[in-house]
Student: 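If you scroll down you'll find the structure; I have some questions about it.
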There are 2 protein chains.
Amino acid sequence: MTAGTTERQAARPDLLAALEDGGYRITTPRRSVIAALERKGEGFSAEELCEELPAVGRATVYRTIKLLQGEGVICKLAMPDGAPKYSMARVEHHHHTVCVKCAAVGEFRHATIERLLRAIGQEISGEIVGHRLEVFTVCSECEVRG
Amino acid sequence: MTAGTTERQAARPDLLAALEDGGYRITTPRRSVIAALERKGEGFSAEELCEELPAVGRATVYRTIKLLQGEGVICKLAMPDGAPKYSMARVEHHHHTVCVKCAAVGEFRHATIERLLRAIGQEISGEIVGHRLEVFTVCSECEVRG
DNA sequence: CTCATTGCAAATGGTTTGCATTGGG
DNA sequence: CCCAATGCAAACCATTTGCAATGAG
């Protein structure tokens, strides 16, 4: 998964274009979903989108989310308890910080993670095909608010 | 599969003792669940345990799993698609390698991860309160089997 | 005895699917 | 026009919960 993804530019491509690239139609419900998640940007749940888009069927929201995941423009992440959230992908390969209080999501890349994986690769038999890293935080906003 | 790391008493404390330490009763169903997961050891699902223990109610299996998670003797992890698995915890703080083909789970600790977190801590505002790292592999067994 | 624990079954939360209908190209 | 895409509701899967019955200490 890390492997073939170097093609797309770090600059987040237009989401509608991403759909077209995938050979999908640009429909009204899809436009709505995309508009909504551009507004949200970081750390939203599927349910939130559904509530915000009463005109769009729940199934369509989920189908569109999955489509965009497939196109690599949004990604799924998990809160400490495993509850799913979604977030816009801004850089190609990255990891997340998630505030456990307000669910604010940050992204980071860090060369150390690459080194880490290389080191692990030498310790285990078999081949590393992917990984998931989430760093849970209490963001500065929430620190202040207590 | 694992670069076995033994930091604390690798000798896994007796699971029944863990329950007693938590102030929980040692009951027949709990004994059964514990026996079953000692047999499995790595990378099992709750459903698997339920199937293996028709005499124990589904709810009790889940309740016991959660108890043991609380006592820190088993841990929950997630496959690439988010599907949950459980695994015996052998070392105190560790991370997992999970084979995406056979779900075999390995554990590792690596000093680099600690360094990584420290480095991230300096890049973000707020405080790091936890993290999740899973490394997905195709284990050597599965490499051979194709 | 008594209260923690159990089993069951129904409830939940997140997500998917079957199918008849609709609308984009 | 036609097939991809939609909406709805029902299905699904992992997990949780309410509650009466049970059993460990």
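A quick note: this is a predicted structure, and the numbers were derived from the prediction, not measured. Convention: sequence-line order gives letters A, B, ...; per-chain numbering from 1.
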Student: Search all heavy atoms of A:Leu68 against all heavy atoms of A:Leu15 and return the closest pair with its distance.
Tutor: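 Answer, listing the atom of A:Leu68 first, then A:Leu15: CD2-O, 4.5 Å.
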Student: If you look at every strand shown and take non-hydrogen atoms under 4.0 Å, does A:Arg30 touch a base, only sugar-phosphate, or nothing?
Tutor: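 Here A:Arg30 touches the backbone only, sparing every base.
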Student: Assign B:Ala55 to base, sugar-phosphate, or nothing according to its heavy-atom contacts below 4.0 angstrom with the strands shown.
Tutor: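 Result for B:Ala55 = sugar-phosphate.
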Student: Of all the heavy-atom pairs spanning A:Glu71 and A:Tyr24, show the shortest one and how long it is.
Tutor: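 Nearest heavy atoms, A:Glu71 then A:Tyr24: OE2-CE1, 3.6 Å.
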Student: Hey, what do you get for CD (A:Glu127) to SG (B:Cys99), rounding to the nearest 0.5 Å?
Tutor: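 It is 10.5 Å, given to the nearest 0.5 Å.
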Student: Extract, from 5' to 3' on DNA chain D, the first and final nucleotides lying under 4.0 angstrom from some heavy atom of chain B.
Tutor: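 Contacts span D:dA14 to D:dG25, reading 5' to 3'.
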Student: Note the angle between the end axes of the helix from C:dC1-D:dG25 to C:dG25-D:dC1, five pairs defining each, rounded to 10 degrees.
Tutor: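 End-to-end axis angle: 30°.
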Student: Which protein N or O atoms sit under 3.5 Å from an N or O of nucleotides 10-14 of chain C?
Tutor:
none

Student: Sort me out a list of protein N/O and nucleotides 21-24 of chain C N/O pairs below 3.5 Å, or just none if empty.
Tutor:
residue, atom, partner, partner atom, Å
C:dG23, N2, A:Arg25, NH1, 3.2
C:dG24, OP1, A:Thr28, OG1, 3.3

Student: If you draw a 6.0 Å radius around CD in A:Glu141, do more than 12 non-hydrogen atoms from other residues or ligands fall strictly inside?
Tutor: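 Count not over threshold, so no.
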Student: Is the number of heavy atoms from other residues, nucleotides or ligands under 6.0 Å of B:Lys40 NZ greater than 12?
Tutor: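 Yes, NZ of B:Lys40 has more than 12 neighbouring heavy atoms, counting only those of other groups under 6.0 Å.
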Student: For B:Ala78, what residues pass the side-chain contact (heavy atoms from CB on, under 4.5 Å) criterion, not counting sequence neighbours?
Tutor: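 side-chain contact (heavy atoms from CB on, under 4.5 Å) check on B:Ala78 returns A:Arg132, B:Glu134.
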Student: For the CD atom of A:Glu48 and the CG atom of A:Leu37, what is their distance to the nearest 0.5 Å?
Tutor: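 Rounded to the nearest 0.5 Å, the CD-CG separation comes to 11.5 Å.
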Student: Distance check needed: C:dT16 P versus A:Arg63 CZ, whole Å only.
Tutor: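 These atoms are roughly 10 Å apart.
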Student: State, to 0.1 Å, how close A:Gly43 and A:Val105 come at their nearest heavy-atom pair, and which atoms those are.
Tutor: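 Residues A:Gly43 and A:Val105, closest heavy atoms: CA-CG2, 3.4 Å.
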Student: Could you measure the distance from the CZ atom of B:Phe108 to the OG1 atom of B:Thr97? Nearest 0.5 Å is fine.
Tutor: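 Between atom CZ of B:Phe108 and atom OG1 of B:Thr97 there are 7.0 Å.
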Student: Can you measure from CD1 (A:Ile120) to CD1 (A:Ile113) and round to the nearest 0.5 angstrom?
Tutor: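 The CD1 atom of A:Ile120 sits 7.0 Å away from the CD1 atom of A:Ile113.
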Student: Is the shortest side-chain heavy-atom distance between B:Lys101 and B:Arg145 below 4.5 Å?
Tutor: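 Heavy-atom side-chain distance check fails, nothing below 4.5 Å.
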Student: Under the side-chain contact (heavy atoms from CB on, under 4.5 Å) test, which residues partner A:Thr27, sequence neighbours left out?
Tutor: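 So A:Thr27 forms a side-chain contact (heavy atoms from CB on, under 4.5 Å) with A:Arg25, A:Pro29, A:Arg30.
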Student: Roughly how far apart are B:His95 NE2 and A:Leu133 CG, rounded to 0.5 Å?
Tutor: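 Spacing of NE2 (B:His95) from CG (A:Leu133) equals 8.0 Å.
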Student: Looking for any heavy atom pair under 4.0 Å, which part of the strands does B:Ala59 touch: base, sugar-phosphate only, or nothing?
Tutor: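 Base: the residue B:Ala59, judged by heavy atoms under 4.0 Å, touches a nucleobase.
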